[in-house]
Protein chains: 2
Amino acid sequence: MAARAGVSLKTVTNVVHDRPYVSASTRARVKAAIAELGYRPSLAGRQLQSGRSNTVTLAVPRIDEPYLGALAHAMIAAATARGFTMLIDETGRNAEHEALAASGYPGHGIEGVIFSPAALDPQNLAYMSHNVPMVLLGEHLAHSTADHVAIDNVQSARDLVRHLLGQGRTRIGFLGAKPARPSSVGGLRYDGYRQELASAGIQVPKSWVIEAYPYTREEGETRAITLMPHLAEMDAIICASDLLAIGAMRALRRHHIRVPDDVAVVGWDNTVDARYHSPSLTSVASDLPRLAELTLETLIRRIDGDRAPGVSYVVPHELVVRESSARAAPSSPTMMASNRDGVGFETRSPG
Amino acid sequence: MAARAGVSLKTVTNVVHDRPYVSASTRARVKAAIAELGYRPSLAGRQLQSGRSNTVTLAVPRIDEPYLGALAHAMIAAATARGFTMLIDETGRNAEHEALAASGYPGHGIEGVIFSPAALDPQNLAYMSHNVPMVLLGEHLAHSTADHVAIDNVQSARDLVRHLLGQGRTRIGFLGAKPARPSSVGGLRYDGYRQELASAGIQVPKSWVIEAYPYTREEGETRAITLMPHLAEMDAIICASDLLAIGAMRALRRHHIRVPDDVAVVGWDNTVDARYHSPSLTSVASDLPRLAELTLETLIRRIDGDRAPGVSYVVPHELVVRESSARAAPSSPTMMASNRDGVGFETRSPG
DNA sequence: ACTCGATCTTCCAACGTTAGAAGACTGTGA
DNA sequence: TCACAGTCTTCTAACGTTGGAAGATCGAGT
């Protein structure tokens, strides 16, 4: 509506889009009018005309979980860099809300969805998403139209087991398994744990493996308590997420079990919490910026019309070793020693 | 476009909006067609026609900071409950980006902005925001057109001091002061600290008060190190945020200073981190759902046309006492005793 | 039969932007 | 003087939705 520069709308459009066939003087006059009036093209009008909104949605269970917050941060950065607006949608582990996300938010002009599912079966999700391009995070899904981006969950679990074995710990439990759904994140990590133990010729009692869901501190604390009867025999617990590990460590602390002296604890996600917890927590780190870049790149390629079958991308991971899995103490140590001397040491081994 | 029910667009609109003067049979026929075609009204078209988008923005420095994540979670819930879409914008403590937020994102159809400023002076913000209703979070601003929602920062600081005094601690330092800007969050909290100390007749050396910004774990750790020379004389540190406190505690741990045995540590925000840290952290909690409700209610009233001068709302707070500020040990305790026995105790006193 | 009112449906312009088609102006060469 | 090409501007329809105005249908009252 800034046709107050004495020109028509089309000329304004041509100036805004840096089109040729506009005289230098007219161009300057229009730009001056735009600046003077503070004119900004209406995205609604533009969207209506072009059918494009340059908006994608990140659907996560809760934005206030550390890993998902870090993920959102990386995704927003990646989207912004590509001129896209990132809309955050909290599904709250609610199946109905996840179905809405999977359907692409009809009517909202969303051009793509990045989905971290929690409640719905991924099979259903893929079935639903046929209007809008979708990238699945975390849980893998074979023969889907949706793309998939994640770390190698099996291998990272094997890395953790090998790390613990290298520290002289062989009596390793697992918290957060999901054997009933082998393709889920919990299922894959549990599988890697089993594979590596098997290849090392180690057997563990079934009672050392327990399920947990969701992967929260509360759940970690609650479930760890059920492990207590067997803890005297164990020397390490692999937790399927940092939050589970932090919750578990709280339970251990309550029961006067020392970490890492009595039991080592490790997790996944390398949240900031893992770094600042006392003791600091050994964790599997994924390259979040890289993951976000790859996800956006994939999604935008789909938005731009790529209709090839769904692809699964693997993002590299690495093991960040910290206090919680320091070498097992050979003899009875003074209580605080390991807790203190180890502060701040942080070694990395490629995953 | 769903005029395939054999009726016109207007009739569809009337059905969608539950308008009268549509026969029951026609209504049913249209609804069937809508369901069959999966028709959803285009928000872009609707926005263009009505001028309303029902979208507000929450502008925060970073979404992956625990307090801001929790804030976003509460805000999304409150907005959704009112039929609004909440767009998260990360300003990254960048002045230019904050200016964009303060200007209301022209062209995007944003109807209101909830702003947690970090880089820009609030005076500038209020000056900029004249197109779009705005609610400021945290930092107060007198004589502004923007509304303001926050806890009573001065009183909460006094509560903390009184709590520490009640535990027998009188040699109290402050981390995260901002005396240069008395109306800032850091300035107000520091002011409350000074007031309560003064009314108790206690004087502390200037070296016990240090500034810190931003309120991150890293900054807390770094700044706490500069306090080390004076720590032998102190028995408590008030940190202007939980993250500062967690960072500070890491530095203390590195220097073999026990919390709370040697020094008590307290913070603000009552993040989940505070609850699960070891030792768990005493913190000032604000009622986030209430804060979000109040903020949205205020913002929507402005969107609906209220042009009264800016109002400042106070949200109640409470002190959540945890391990990090347990009563000072009268004599040399065994090292781990207080760290262990206290786990899980959590008392609350109204703020 | 005709009018009137009640009930229901259709027509139309508008929101802001855009691209294609068409128009106007300028200067050059025949 | 006229045709023509080159350069720049204006006209127009369309995206999907909406509300007001106008049109159609029907039954009832005269």
Side-chain angles (χ1 to χ4, degrees), chain A residues 1-55 83-85 103-111 131-132 303, chain B residues 1-55 83-85 103-111 131-132 303:
Chain A
M1 264 306 176
R4 67 153 283 171
V7 301
S8 73
L9 284 73
K10 171 73 177 187
T11 305
V12 175
T13 294
N14 283 338
V15 170
V16 168
H17 289 265
D18 268 325
R19 230 70 64 99
Y21 299 147
V22 178
S23 71
S25 71
T26 303
R27 192 178 297 272
R29 200 150 36 94
V30 171
K31 282 192 173 170
I34 286 176
E36 186 194 346
L37 300 185
Y39 164 81
R40 293 275 141 180
S42 153
L43 260 37
R46 191 172 281 183
Q47 176 177 347
L48 200 54
Q49 147 69 23
S50 69
R52 298 226 29 187
S53 66
N54 270 32
T55 300
F84 273 74
T85 297
S103 68
Y105 311 92
H108 287 246
I110 303 298
E111 298 197 79
N131 336 312
V132 168
I303 292 172
Chain B
M1 261 304 186
R4 69 154 281 173
V7 300
S8 71
L9 284 73
K10 170 74 175 186
T11 304
V12 174
T13 294
N14 283 338
V15 171
V16 168
H17 290 265
D18 267 326
R19 230 72 65 98
Y21 298 146
V22 178
S23 73
S25 70
T26 304
R27 193 179 297 272
R29 199 151 35 95
V30 172
K31 282 191 173 171
I34 286 176
E36 186 194 345
L37 301 185
Y39 163 80
R40 292 276 141 178
S42 152
L43 261 36
R46 191 173 281 183
Q47 175 177 348
L48 200 54
Q49 148 68 24
S50 70
R52 297 224 32 187
S53 66
N54 271 30
T55 301
F84 273 74
T85 297
S103 67
Y105 311 93
H108 287 246
I110 302 297
E111 299 197 78
N131 336 313
V132 168
I303 292 172

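Since the model is a prediction, treat every value here as computed from it, not as a measurement. So that the names make sense, note that chain A is the first sequence line, chain B the second, and so on, each numbered from 1.
The phosphate of D:dC8 has neither OP1 nor OP2 within less than 4.0 Å of any side-chain N or O from A:S23.
You'll find the side chain of B:T11 stays beyond 4.5 Å of the side chain of B:R27, heavy atoms only. Inter-residue side-chain proximity for A:Y105 and B:T85 is flagged as unmet; no heavy-atom pair is nearer than 4.5 Å. Inter-residue side-chain proximity for A:Q47 and A:R52 is flagged as unmet; no heavy-atom pair is nearer than 4.5 Å.
Judged by distance alone, the side chain of B:T26 and the main-chain N or O of B:V22 form no donor-acceptor pair under 3.5 Å.
In the set D:dT9, C:dG20, D:dG19, D:dG19 carries the atom at the smallest distance from any side-chain atom of B:T13. Closest contact between the side chain of A:T11 and the listed nucleotides C:dT18, D:dT9, D:dT17 involves D:dT9. With distances taken from any side-chain atom of B:L9 to the nucleotides D:dT17, D:dT9, C:dC8, the minimum falls on D:dT17. With C:dC15, D:dC15, D:dG20 as the choices, the nucleotide that has an atom nearest any side-chain atom of B:K10 turns out to be D:dG20. Residue A:R46 places its side chain closer to C:dT17 than to any other of C:dA19, D:dG16, C:dT17. The side chain of A:R19 approaches C:dA19 more closely than any other nucleotide in the set C:dA19, C:dT17, D:dG19.
A:R40 comes within 4.0 angstrom of the backbone, heavy atoms only, and of no base. Among the heavy atoms of the strands lying under 4.0 Å from B:T26 are primed sugar atoms or P, OP1, OP2 only; no base atom is included.
Computed from coordinates, the A:L43 CG to D:dC15 C1' distance equals 15 Å when rounded to whole Å. Atom CG in B:L37 sits roughly 15 Å away from atom C1' in D:dG16 (whole-Å rounding). Here the P atom of nucleotide C:dC8 and the CG atom of B:N14 are 12 Å apart, to the nearest Å. Atom-to-atom, CZ of A:R52 to C1' of D:dC15 comes out at 15 Å; the value is rounded to the nearest Å. Residue A:Q47 contributes atom CD, which lies 15 Å from atom C1' of D:dA14 at whole-angstrom precision. Residue A:I34 contributes atom CD1, which lies 16 Å from atom P of C:dG16 at whole-angstrom precision.
Looking at which nucleotide of DNA chain C each of B:V22 and B:L48 is closest to, the 5′-most match is held by B:V22. Along DNA chain D, the nucleotide nearest A:A24 and the nucleotide nearest A:Q49 are compared for position; the residue whose nucleotide lies closer to the 5' end is A:A24.
Scored by the side chain to side chain donor-acceptor pair (under 3.5 Å) test, A:R19 finds no partners at all (sequence neighbours excluded).
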